[in-house]
J.: 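Got a structure for you, written out below as structure tokens; questions coming shortly.
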Amino acid sequence: MSTNKVRVRFAPSPTGGLHLGGVRTVLFNYLFAKQNGGDFILRIEDTDQTRFVPGAEEYIFNTLKWCGLEPDESPLHGGPYAPYRQSERKPMYREYAEKLVQDGYAYYAFDTSEELEEMRSTYKTEANPSPQYNHVLREKMRNSLTLSEDEVRRLLSEGAPHVIRIKLPMNEEVTFTDLIRGEVSFHTSQVDDKVLLKADGMPTYHLAVVIDDYLMKITHAFRGEEWLPSAPVHVLLWKYLFGLENMPQWAHLPLILKPDGNGKLSKRDGDRLGFPVFAMDWTDPRNNEQTTGFRERGFLPEAFVNMLAMLGWNDGSGQEIFTLDELVKSFSLSRVHKGGAKFDYEKAKWFNSEWIKRLPIASYRDTVKTFFDAKGIVVDDKFDHVLELVKDRCTLLSDFVAQASFFFQNPVEIDINAVKPKWDEKKQQFFAELIRAFELTPQWQHDDLEKEFKEMAAAHQIKPGDLMMPLRVMLVGGKFGPGVFDIAALIGKEATIARIKHALGLLS
RNA sequence: GGAGCGUUGGUCAAGGGGUUAAGACGCCUCCCUUUCACGGAGGAAUCACGGGUUCGAUUCCCGUACGCUCUACCA
């Protein structure tokens, strides 16, 4: 019995902010690893030097940290299979590529990008809009299959720029079992001779993923469904290099789709429809373009992760709220959907409101405070109490500002129109007297205030209900918020009286 | 164009030969609350289409349609 420890990896290329779908791939990797007592590895796929973006790698680490999905091994955390950055592993890829050439599974190709372009345009027809560098066209190109041995040797020794391409068999069926989709097969005649090693000596994804998965002893490989069409190349590479019996088990995850129409969710969709797509704020260093993330929008990591888990997976019980630990226990690949799921921002917000309600405020008090700081609102020691009072009406952490700022400062705006239509001299007199009574109130307590208020209403022969809304608007600024005497009690005698006076001024 | 993958309410989805086809989000109504929420009770809304197989298909099979992904010296 093989008792190989489960090892999974997330292998992003550091080209920008981490997208929803990327984080979900991380999550499924993480859940699967932890459930099986395995390791979760973060490997940086930075083989495309032209797409290097400073800060992107650090962003990925920070995102995983915020989500609570820390890798066991990574460029940052280290580990026995270092380095975890493909650019730092560059020398080892060439060896494997050369071996493939020697074994007849790959070949050198000397075609320039102009020549490739020319090939594509000359062979492009209506019936075949994108000609592939495949078993038929490779006969017409400049490669070690068409050139003489001497010529190839000469070109190589002269240092002529070249790539190494896989030589796909002409007539084979490549079949493998996907953990989510079951048996999947491709005919090799439909797949092209993918570049394995680029002219700059860097591997392409296709080569690197196979070699690194082997070297890092990856047992299960999860990735987005967009990779499915190139899976046969990877399977073939495993067969040629390390043996199919050592190949990790593949699982191609369904895509997260845009809410309107169809298609993969992109950052642009978020901009267009007004919701975040990246996990955290991202500033593109190339053009300073800013993109807001779920974190800065006021999402709790618990909610973000929970919401992501339910996009394409469920445990069949109807339960929707899960802690990370519960997810680790319940997760199973067999219950992951095959079809893509449209992202629904309304539902995402619902998850957040649920988590705001069930988490103790201590776990997000500091984050909420940053939203107050950003608005320049100074909070005081009743902050926790206030948060507790208004948490049920907040969907995002940023909502606390609108729901609670009046506890710490006078309302910025007073919705005087909410009381004006029913305002009259009797009420004016009532509040004038209420001020005097409040000034003399020895005990500034909820029950005392309410009692006093109601007795005075009775004395003035006004229904308390007709007076509550005006008082609320005076204290809060609008028709919302917790119990009005809770508010008065909490903001204190001085502020209460001052706000009533101020509003009275506006009303007369 | 080709290949691959997919298709249960508006969205996330359970179910899987016989069901009133769960549940959640959103929407609507009502209750609670002298506000707004929370909470509670209801409501509208669904098996892409066509053939089979079967006593019976949303479920199994085959087509069709539609959608998506890929089709780079990007991942």
Side-chain angles (χ1 to χ4, degrees), chain A residues 11-15 45-48 50-51 109 111-113 116-117 120 124-134 161-165 178 180-181 184-187 189-192 194-206 208-209 223-232 252 254-255 257 259-264 307 310-321 335 337-351 353-354 357 390-395 399 403 418 454 463-469 471-473 476 478-484:
Chain A
S13 77
T15 53
E45 308 240 347
D46 57 349
T47 55
D48 187 354
T50 64
R51 297 212 304 165
D111 317 281
T112 63
S113 48
L116 288 173
E117 217 169 284
R120 290 196 183 101
K124 182 174 170 177
T125 62
E126 205 151 293
N128 181 14
S130 33
Q132 298 187 314
Y133 201 120
N134 61 10
H162 64 277
V163 302
I164 292 178
R165 285 180 182 270
D178 185 276
I180 292 171
R181 279 146 228 285
V184 180
S185 37
F186 295 84
H187 198 86
S189 64
Q190 303 295 336
V191 186
D192 63 338
K194 293 254 183 274
V195 170
L196 265 19
L197 197 77
K198 299 186 266 190
D200 65 2
M202 278 288 191
T204 59
Y205 171 82
H206 307 294
V209 73
R223 71 212 320 191
E225 192 189 345
E226 68 267 29
W227 289 107
L228 206 43
S230 55
H252 290 89
L255 266 15
L257 275 18
D260 57 337
N262 290 293
K264 248 194 322 188
M307 177 270 291
M310 302 309 292
L311 233 38
W313 174 86
N314 71 83
D315 77 343
S317 75
Q319 181 180 348
E320 294 194 275
I321 302 297
R335 294 197 63 92
H337 270 246
K338 293 179 173 73
K342 288 186 185 178
F343 176 67
D344 181 358
Y345 187 53
E346 292 305 317
K347 184 89 184 223
K349 285 193 292 191
W350 174 78
F351 276 106
S353 66
E354 287 300 311
K357 273 181 278 183
V390 303
K391 63 191 288 193
D392 283 357
R393 41 206 108 206
C394 294
T395 297
D399 292 341
Q403 288 296 332
K454 286 186 172 169
K463 283 184 289 184
D466 294 341
L467 264 5
M468 297 277 264
M469 184 53 82
L471 178 59
R472 165 176 300 283
V473 172
V476 172
K479 300 196 283 186
F480 63 94
V484 72

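Side-chain atoms are counted along with the backbone in the values below, which use heavy atoms only and exclude waters and symmetry mates.
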J.: How many whole angstroms separate atom CG of A:Asp260 from atom C1' of B:C68?
T.: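 Distance check: A:Asp260 CG to B:C68 C1' gives 15 Å.
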J.: Classify the nucleic acid contact of A:Lys463 as base, sugar-phosphate or nothing, counting any heavy atom under 4.0 Å across all strands shown.
T.: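 No contact.
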J.: Counting the atoms with a prime plus P, OP1 and OP2 as sugar-phosphate, which does A:Lys391 contact under 4.0 Å by heavy atoms, base, sugar-phosphate, or nothing?
T.: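 A:Lys391: no heavy atom of the nucleic acid under 4.0 Å.
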J.: Side-chain N or O of A:Lys194 versus OP1/OP2 of B:U71: is the shortest distance under 4.0 Å?
T.: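 Checking A:Lys194 against B:U71: no side-chain N or O falls below 4.0 Å of OP1 or OP2.
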J.: Which part of the nucleic acid, if any, lies within reach of A:Met468 when heavy atoms closer than 4.0 Å are counted: base, sugar-phosphate only, or nothing?
T.: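 Base: the residue A:Met468, judged by heavy atoms under 4.0 Å, touches a nucleobase.
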J.: Are OP1 or OP2 of B:C74 and a side-chain N or O of A:Lys198 less than 4.0 angstrom apart?
T.: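 Answer is yes, contact under 4.0 Å.
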J.: A:Gln319 CD to B:A14 P: how many Å, rounded?
T.: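 Between P of B:A14 and CD of A:Gln319: 15 Å.
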J.: Using atom CD of A:Glu226 as one end and atom P of B:C70 as the other, report the distance to the nearest whole Å.
T.: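 Rounding to the nearest Å, CD of A:Glu226 and P of B:C70 are 6 Å apart.
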J.: List every contact pair, protein side and nucleotides 3-8 of chain B side both N or O, where the distance is under 3.5 Å.
T.:
unit_1, atom_1, unit_2, atom_2, d
B:C5, O2', A:Arg181, NH1, 2.8
B:C5, O2', A:Glu225, OE2, 2.8

J.: Name the nucleic acid region contacted by A:Asp111, choosing base, sugar-phosphate or nothing; use a 4.0 angstrom heavy-atom cut-off, strictly under.
T.: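 Contact class for A:Asp111: base.
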J.: In terms of side-chain heavy atoms of A:Asp392, which of B:C38, B:C68, B:U35 is nearest?
T.: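 Side chain of A:Asp392 sits closest to B:C38.
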J.: Do A:Asp344 and A:Lys347 meet the salt-bridge criterion of a basic N to acidic O distance under 4.0 Å?
T.: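 No, A:Lys347 and A:Asp344 are not salt-bridged.
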J.: Does A:Val195 reach a base, just sugar-phosphate, or nothing at all? Heavy atoms under 4.0 Å.
T.: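 Sugar-phosphate only.
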J.: When you check the gap from the basic side-chain N to the acidic O, do A:Arg120 and A:Glu117 get nearer than 4.0 Å?
T.: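 Between A:Glu117 and A:Arg120 there is no salt bridge, as every charged N stays at least 4.0 Å from the carboxylate O atoms.
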J.: Taking only side-chain N and O atoms of A:Asn314, does any of them lie within less than 4.0 angstrom of OP1 or OP2 on B:A13?
T.: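 For B:A13, neither OP1 nor OP2 has a side-chain N or O of A:Asn314 closer than 4.0 Å.
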J.: Find the distance A:Arg472:CZ to B:U34:C1' and express it as a whole number of Å.
T.: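 Roughly 9 Å, once rounded to whole Å.
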J.: Nearest whole Å is fine: how far is B:C70 C1' from A:Leu255 CG?
T.: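 Taking atom C1' of B:C70 as the reference, CG of A:Leu255 is at 11 Å.
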J.: Take the protein atom CZ of A:Phe480 and the nucleotide atom C1' of B:A37, then report the distance between them rounded to whole Å.
T.: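 Between C1' of B:A37 and CZ of A:Phe480: 11 Å.
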J.: So does A:Arg393 reach the base of B:C36 with its side chain, donor to acceptor, closer than 3.5 Å?
T.: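 Check passes, donor-acceptor contact within cut-off.
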J.: If you compare every side-chain N and O of A:Arg51 against the phosphate oxygens of B:C73 (OP1, OP2), does one of them come in below 4.0 Å?
T.: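 For A:Arg51, the contact criterion (side-chain N or O under 4.0 Å from OP1 or OP2 of B:C73) is not met.
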J.: Hey, which sits more toward the 5' end of RNA chain B by its nearest nucleotide, A:Asn128 or A:Tyr133?
T.: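 Going by which nucleotide is closer to the 5' end, it is A:Asn128.
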J.: For a stem of at least 3 consecutive Watson-Crick or G-U pairs with distances under 3.5 Å, i pairing with j, i+1 with j-1 and so on, which stems involve RNA chain B?
T.: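 Stem segments, range with range: B:1-7 with B:65-71, B:10-12 with B:23-25, B:27-31 with B:39-43, B:48-52 with B:60-64.
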J.: What is the distance, rounded to the nearest whole Å, between atom NZ of A:Lys264 and atom P of B:C68?
T.: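 Going from A:Lys264 (NZ) to B:C68 (P), I get 13 Å.
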J.: Any N/O pairs under 3.5 Å between the protein and nucleotides 22-26 of chain B? List them or say none.
T.:
unit_1, atom_1, unit_2, atom_2, d
B:A24, O4', A:Glu320, OE1, 3.0
B:A24, O2', A:Glu320, OE1, 2.4
B:A24, O2', A:Lys347, NZ, 3.0
B:A24, N3, A:Lys347, NZ, 3.0
B:C25, OP1, A:Trp350, NE1, 3.4
B:C25, O2', A:Lys347, N, 3.4

J.: What distance separates A:Arg393 CZ from A:Gln403 CD, expressed to the nearest 0.5 Å?
T.: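 CD of A:Gln403 is found 6.5 Å from CZ of A:Arg393.
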J.: Think A:Lys342 has a side-chain N or O under 4.0 angstrom from the OP1 or OP2 of B:A13?
T.: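 For B:A13, neither OP1 nor OP2 has a side-chain N or O of A:Lys342 closer than 4.0 Å.
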J.: Output yes when at least one side-chain N/O atom of A:Thr50 is less than 4.0 Å from OP1 or OP2 of B:C74, else no.
T.: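 Looking at the OP1 and OP2 atoms of B:C74, neither is under 4.0 Å from any side-chain N or O of A:Thr50.
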